[in-house]
Amino acid sequence: MSSEVLLKVSGLEHRYGKHVGCTDVSFDLYPGEVLGIVGESGAGKSTLLKCLATQIEPTAGTVEYRGRDGVMRDIFALSEAERRLLLRTDWGLVHQNPRDGLRMGVSAGGNVGECLMAVGERHYGQIREQAGHWLQQVEIDLDRIDHMPETFSGGMQQRVQIARNLVTRPRLMFMDEPTGGLDVSVQARLLDLLRRLVGELGLSAIVVTHDLGVVRLLAHRLMVMQAGRVVEHGLTDQVLDDPQHPYSQLLVSSILRV
Amino acid sequence: MYVAVKGGERAILNSHALLEETRRGDTAHPELTLAQIREQLGLAVDRVMTEGSLYDPDLAALALKQACGDVIEAVFLLRAYRTTLPRFGLSEPVDTGRMAIRRRISATFKDLPGGQVLGPTFDYTHRLIDFGLAGTADRADAPTAPTPVDDSMPRVTDILDSQSLIESERPEPDERDVPDITRDPLRFPAPRGARLQNLARGDEGFLLSLGYSTQRGYGRNHPFVGEVRLGEVAVEFVPEELGFPIEIGEITVTECQMVNHFKGSKTQPPQFTRGYGLTFGHCERKAMSMALVDRALRGRELGEAPEAPVQDEEFVLYHCDNIQATGFVEHLKLPHYVDFQSELAMVRALREAVAKATSAPSAQETADHA
Amino acid sequence: MHEPGYNFAYLDEQTKRMIRRGLLKAVAIPGHQVPFGSREMPLPYGWGTGGIQITAAILGRSDVLKVIDQGADDTTNAVSIRRFFARTAGVRTTERTREATVIQTRHRIPETPLTEGQTLVFQVPIPEPLRWMEASERETRAMHALQEYGVMRVSLYEDVARHGRIAKTYDYPVTVNERYIMSPSPIPKFDNPKLDRNPALQLFGAGRERRLYAVPPYTRVKSLDFEDHPFHVETWDQPCALCGSTTSFLDEIITDDAGTRMMVCSDTDHCTQRRAEAEDAEPMRRVAS
């Protein structure tokens, strides 16, 4: 792992009127690191992720990102065009519901290829080849490259979404409940896939989930959120095996294995 | 030997002549006068004025006559004429509170100051064809009441507003300028003034169906008819030279105020919400439909998630103008044979490629051979 | 002399000025759609009101106007529009491309190459090339502003995946001045190459949709394609049955119940000129032989 911080978050807050979505969130993320954010529903995890991924604007605090040129930039000081470009190239965003992250009226190959075409790729054969390569990387059969996402199972749709994000070789991935709504066995397979890819590609990732099993497998570090605040932060194994904060203890002790 | 067909110009002129003859119909019958149309087909005239957005009953009657009774065609004539008229400026806001009431009903209160005045309405008629109308016998005038209609007819929404039970209808501080959708292109999100103008000119049938859909679960907003009123209102204008308002005339309008589902939050006590409809002449169905759709489109500012077509601002406002709609639908009659020729060539080529691929021993991915 | 009671070319001068201002903005940003306050015209929306408003705004008394529809001067709507300007502007009209200063057209570009000083006015039904992939106007405006054209390219990819080739045949999208993706109006793709670096000024008007856009003279206009599936135009396996042209767009005419077809130039002026030139050449040949 590089010693230069990739993402620096300071005092991040988001409020709607009197309601606090998340507040006083600060952390550093390094290249190749996976950070898990856990807590029950309403803890503020999704709000935090949306702020980080620039889907919504924070009411306080900063998010700084080190671009490929090595320069650290305040994300919200950039223009909308620059932010959208970042999302298309350096970053990936995996939605909980794959329908939100895919074009349902476009074939699997088209979905993956779009991101290449959006950054200037103009050779059909090469686009198709790369799309096929990434579909295979997420363990989808090549003969399904022209099939519509409607014909895929939930787990497969999720994998197409992941392939679509990986094709531009992002450095940072945001994932919102990536295994939510999937069968246990399908979840396990997807987690193995994600762990392999993150390792092979040296990706950094921020994964929001209510499932501690997911963070145990994927995340190096863990942040526990309660009522919009980070109550505990540390190495995954340490936090899960020896939680300090009462809420973390409650969370860990009440793991429901389905 | 093929000779290119000529004579388009002559065909058009002949078509105009034939249309003129058809419009007049059998000359054994007297020609319609504008007064007859204006007086006896008044509701058609009112609709033409409303959708043509031009108040001139005689002109609307003429348009209907020229259009052989086709309402949309008549509206088109009025709109095209309207474009050529000089503009003097904006009138003062019309005060429907001071209307000379001919009809005023409310579904929200059994009785209210001024009472329920039925006026001339089809509402409680039995829809039995009156064969007596086939002739032209004289009919007795309706009896006159001993006392006139009450002077004091406060609007239901004003009554509710005075008790803060309904959201206030006051323009935003930065809403000084009244938009004019016939001069400036529509932008989204559209301000309420632009939306209401669009709806006022919008097709009655389209808005009726959309309003109906809200009552059947497509974007429900729990409407009550706060009030429907019909009557004459003064139009006032402030000429630059004078600096004070003068009355330049009187128009008949129909106004509908819908009282809709209440909205509130932890910090704001609940209030009823509003929908508004206004038409020229007596177009009650249109005014009510307009109010239902207005309220549905306000979903955005009232924090309602858009789920139904009627809540989709672009969908409603782009498609409610029947002159645009009929223009584009009917333009399909224009020649499109060049583009069709291109499509024919492509379809033939694709079919050939498929035939080649299925007859070839190895069915490979089809390649482009053109 | 034009019809009394109406201003020259029907529109009032203020409206013409408003349209010309919009056109100047359009010319300054090639391929970018400029919203304008489209007026209700005496012809229906969808029947050329955008083109008519542009022509009305730029027409001067000494202009010579040609109006074509499907490439022909005597199709009913071309006749109707030409009569409209004859009535309201009293300008000289012509069927000869070479003689015209302003050419209003629906669905074709004339075969005869245009020259500097000529203006071509296109009638456009749907100005937004991304409309079929994204229904929302707000979204498409953002996509153009941010140059996010992924949806368009994806639709071409899907064509090749499904049919083995790009299957668009008319209203074929182009990139203008290497920036904006534009709809060239429903001209057959055969005409797309004529848009590129044309010496004439090309103006596009959509009345119902309230948009103007332009391609200034000598601007680069490139049809979208893939490197390995390059753009190409339609060809026919027969020449024009009347003039023998092998390079013009041909219409298919059905001549009998059995479906016998005959191919004829769509551009009537072009075909007529070629036949006239062939006849002029005849006496020379007879003398020579």
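Keep in mind it's a predicted model, so treat the numbers as computed, not measured. A note on names: the letters A, B, ... follow the listed sequences, proteins ahead of strands, and every chain is numbered from 1.
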Does any backbone or side-chain atom of [X] lie under 4.5 Å from a heavy atom of chain C? Answer side chain, backbone, both or neither.
{"X": "B/Leu13", "answer": "side chain"}
{"X": "B/Pro86", "answer": "neither"}
{"X": "B/Arg82", "answer": "neither"}
{"X": "B/Ala325", "answer": "neither"}
{"X": "B/Asp339", "answer": "both"}
{"X": "B/Leu77", "answer": "neither"}
{"X": "B/Glu343", "answer": "both"}
{"X": "B/Ile12", "answer": "side chain"}

Counting the benzene-type ring for Trp, do [X] and [Y] have ring centres under 6.0 Å apart?
{"X": "B/Tyr318", "Y": "B/Phe188", "answer": "yes"}
{"X": "C/Trp236", "Y": "C/Phe190", "answer": "yes"}
{"X": "C/Tyr170", "Y": "B/Phe340", "answer": "no"}

Geometric class of the B/Phe328/B/His331 ring pair [parallel <30°, tilted 30-60°, perpendicular >60°]: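 Rings of B/His331 and B/Phe328: parallel, as their planes differ by under 30°.
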Flag the one option from [options] with the top tally of heavy-atom pairs under 4.5 Å to chain B.
{"options": "C/Ser266, C/Pro186, C/Pro42", "answer": "C/Pro186"}
{"options": "C/Glu234, C/Glu252, C/Arg210, C/Met41", "answer": "C/Glu252"}
{"options": "C/Arg39, C/Arg141, C/Arg83", "answer": "C/Arg39"}
{"options": "C/Asp12, C/Asp171, C/Leu43", "answer": "C/Leu43"}
{"options": "C/Arg211, C/Arg138, C/Glu137", "answer": "C/Arg138"}
{"options": "C/Arg106, C/His107, C/Lys168, C/Lys189", "answer": "C/Arg106"}

Residue part contacting chain B, namely of [X], when any heavy atom lies under 4.5 Å:
{"X": "C/Leu11", "result": "neither"}
{"X": "C/Ser136", "result": "both"}
{"X": "C/Ala78", "result": "neither"}
{"X": "C/Thr75", "result": "side chain"}

Test item: C/Trp47 side-chain N/O and B/Gly327 main-chain N/O as donor-acceptor pair under 3.5 Å: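 Side chain of C/Trp47 to backbone of B/Gly327: a pair is present.
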Nearest non-hydrogen partners of B/Arg47 and B/Asp203, listed with the distance: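 So the two residues come closest at NH2-OD1, 3.2 Å.
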Non-hydrogen atoms of C/Thr94 and C/Asp73 that approach each other most closely: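 Heavy atoms only, the tightest pair is O-OD2, 4.2 Å.
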Identify which of [options] forms the greatest number of heavy-atom pairs closer than 4.5 Å to chain C.
{"options": "B/His336, B/Glu9, B/Arg187, B/Gln324", "result": "B/Gln324"}
{"options": "B/Leu334, B/Val347, B/Leu350, B/Val329", "result": "B/Leu334"}
{"options": "B/Pro189, B/Ser15, B/Ala11, B/Pro185", "result": "B/Pro185"}

C/Gln238 atom CD, over 12 foreign heavy atoms within 6.0 Å: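 Yes.
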Donor-acceptor pair between C/Ser38 and C/Gln53 side chains, under 3.5 angstrom: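 Indeed, the side chains of C/Ser38 and C/Gln53 share at least one donor-acceptor pair under 3.5 Å.
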Side-chain H-bond candidate by donor/acceptor type, C/Ser248 with C/Asp267, under 3.5 Å: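 Per modelled atom types, C/Ser248 and C/Asp267 side chains form no pair under 3.5 Å.
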Euclidean distance, B/Asp70 CG relative to B/Thr326 OG1, rounded to 0.5 Å: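 It comes to 7.5 Å.
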Pair B/Glu301 + B/Arg195, salt bridge at N-O below 4.0 Å: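 Between B/Arg195 and B/Glu301 there is a salt bridge, with a charged N closer than 4.0 Å to a carboxylate O.
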Residues B/Arg79, B/Asp321: salt bridge by 4.0 Å N-O rule: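 B/Asp321 and B/Arg79: salt-bridged.
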